[in-house]
Amino acid sequence: MPDFTRDDLTGSRFEDVNLSGASFHDVDLTGARFRLVDLSRVVIRGAELVDMDLTGEVSNLRVNGVDVAPLVEAELDRRDPDRPKMRPTDAHGFREAWDILERLWRHTVARARGTAPALLHERVDGEWSFIETLRHLVFATDAWVRRVILGDPKPWDALDLPFDEMRDSPGVPRNRDVRPSLDDVLALRTDRMATVRQVIDDLTDEKLDAHTEPVAEPGWPESQSYSVRDSLLCILNEEWQHRQYAERDLNALESPEPPRSEAANA
C-alpha cells in the first residue's frame, strides 16, 4: 500500500482514483479542489474549515455535533419560495412545477441571447458552458421522458450530451467537439420541453404512481422498469439545478474579469 508520509505532493492531480478507507493526518489541503467526489461516511477531526465552499447532495452532515443538512435545506427553501415546489406530490403539483421552470428558463434564455455568442461556449471554473448545459438537458429529457416514460428506444439527437461520468452506451451520442449555435440548441430544447409539457398535462395521480415498461433496446438508463414519479422528479431536479448553474455562470461571464477556464472544446 503506498505511503506518502512527509512527501510534498503540492499540485498533484487525482482523477478516477479509489481512495476509500485512506487516512489523512496532519495534511495541508489549502486551496485543494474536489469535484465529483464521494465523501460518504468520511470522518474529519481537528479540521480548520475556513472560507470553504461546498456544493452537492448533503444529508446527515454533522458539523461539531449538529446535523446541518436540514438547516441548509430550510434556508434554501426560505431564499426561494419556488424551490419547495420542485418536490411535488401529485399531478397538479407537477404541472405547477413545470409552469415555474418554463417561466424561469424564459428569463435565463433571454439573458443568454444578450450575451456574446462566443461566451456561451466558455466554461466557468471547469463547469459546462451554457450551450453544453442546454445540450445535457436535451439528453436528460430524451433519457427519462422519451426513453423511459414514452418508450422510445432511440430518442437521441446528435447534440445530446450525457454526463461526463456515464460510460459510453450503444447508440447514445457523445460529441464534445461540436459547437452548435444557441438557436440550434434552443430549437431542440423547445421541442423537448414541449414533450415534457404534454406528458405533464396528461398526468393523473394514477399515472404518477405507475411504473414504466422496460425498453428492450440498450441505452441509458438501463433497460428496466422505473417509477413515473421518480423519473419526472429527476427531470424537475435537472432543470432546476442546471438553470441555477447557468445563471451563476452567466453572472461570472458578465463580470469585468470572470474566473473562466478554457473555452469548451476549443
Side-chain angles (χ1 to χ4, degrees), residues 13-20 34-40 55-57 101 105 120-121 123 126-182 184-200 207 210-243 245-246 261-266:
R13 178 182 179 89
F14 300 88
E15 184 170 350
D16 198 16
V17 175
N18 187 349
L19 292 174
S20 57
F34 299 84
R35 186 172 184 270
L36 296 172
V37 293
D38 186 350
L39 298 176
S40 302
T55 303
E57 296 292 330
L101 287 169
W105 270 111
L120 300 180
H121 291 281
R123 290 177 175 169
E127 301 293 337
W128 274 333
S129 69
F130 187 82
I131 295 293
E132 289 173 321
T133 294
L134 297 185
R135 291 177 58 199
H136 174 68
L137 290 174
V138 171
F139 164 78
T141 302
D142 285 348
W144 291 105
V145 176
R146 300 181 73 201
R147 174 177 166 85
V148 168
I149 295 178
L150 298 179
D152 185 346
K154 297 179 180 178
W156 321 110
D157 185 89
L159 290 180
D160 279 24
L161 185 62
F163 53 99
D164 290 342
E165 303 74 42
M166 180 183 132
R167 295 183 178 180
D168 289 340
S169 182
V172 182
R174 188 203 297 272
N175 188 342
R176 293 188 177 96
D177 298 326
V178 66
R179 290 169 63 89
S181 69
L182 177 62
D184 286 344
V185 176
L186 286 178
L188 271 177
R189 275 284 285 162
T190 299
D191 177 79
R192 298 313 194 263
M193 292 186 79
T195 298
V196 179
R197 164 57 68 187
Q198 186 62 54
V199 168
I200 288 180
K207 290 180 179 179
H211 282 72
T212 65
E213 289 292 327
V215 177
E217 288 79 355
W220 196 92
E222 295 181 0
S223 299
Q224 63 185 58
S225 179
Y226 294 89
S227 160
V228 172
R229 180 187 302 273
D230 289 345
S231 300
L232 290 176
L233 284 172
C234 178
I235 289 297
L236 295 186
N237 182 66
E238 287 279 313
E239 294 280 349
W240 176 267
Q241 296 291 353
H242 282 289
R243 195 199 69 86
Y245 303 151
S261 59
E262 77 279 4
N265 304 315

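As the structure is a computational prediction, the values presented were derived from the model and not from experiment.
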Item checked: Step-by-step ring pair (Phe, Tyr, Trp, His ring centres under 6.0 Å) determination, Trp220 to Phe163 -> CA-CA 11 Å; Trp220 196 92; Phe163 53 99; 5.2 Å; yes
Next item on the list: Determine, step by step, whether Arg123 and Glu132 satisfy the salt bridge (Lys or Arg N to Asp or Glu O under 4.0 Å) criterion, reporting the C-alpha distance in whole Å, the side-chain angles of both residues, the deciding distance to 0.1 Å, and the verdict.
Entry: CA-CA 9 Å; Arg123 290 177 175 169; Glu132 289 173 321; 2.8 Å; yes
Check: Stepwise, does the side-chain hydrogen bond (donor to acceptor under 3.5 Å, both in side chains) test hold for Thr195 with Gln198?
Finding: CA-CA 5 Å; Thr195 298; Gln198 186 62 54; over 6 Å; no
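Here the side chain of His211 pairs no donor or acceptor atom with the backbone of Tyr226 at under 3.5 angstrom. Within the 3.5 Å criterion, the main-chain N or O of Thr212 finds a donor-acceptor partner in the side chain of Ser225.
Rounding to the nearest 0.5 Å places OG1 of Thr141 at 9.5 Å from CG of Asp191.
Within a 6.0 Å radius of CD in Gln241, more than 12 heavy atoms belonging to other residues, nucleotides or ligands are found.
Classification of Arg135 and Asp160 as a salt-bridged pair fails, no side-chain N sitting under 4.0 Å from a carboxylate O. Ion pairing between a basic and an acidic side chain is recognised when a charged N comes within 4.0 Å of a carboxylate O; Glu238 and Arg243 show no such pairing.
Of all heavy-atom pairs between Trp144 and Val148, the closest is O-CB, 3.4 Å. Counting all heavy atoms, side chain and backbone alike, Pro173 lies closest to Trp156 at CD-CB, 3.5 Å. The two residues Ser227 and Asp230 make their nearest non-hydrogen contact at OG-N, 3.1 Å.
Side chains of Ser223 and Arg147: a donor on one and an acceptor on the other come within 3.5 Å.
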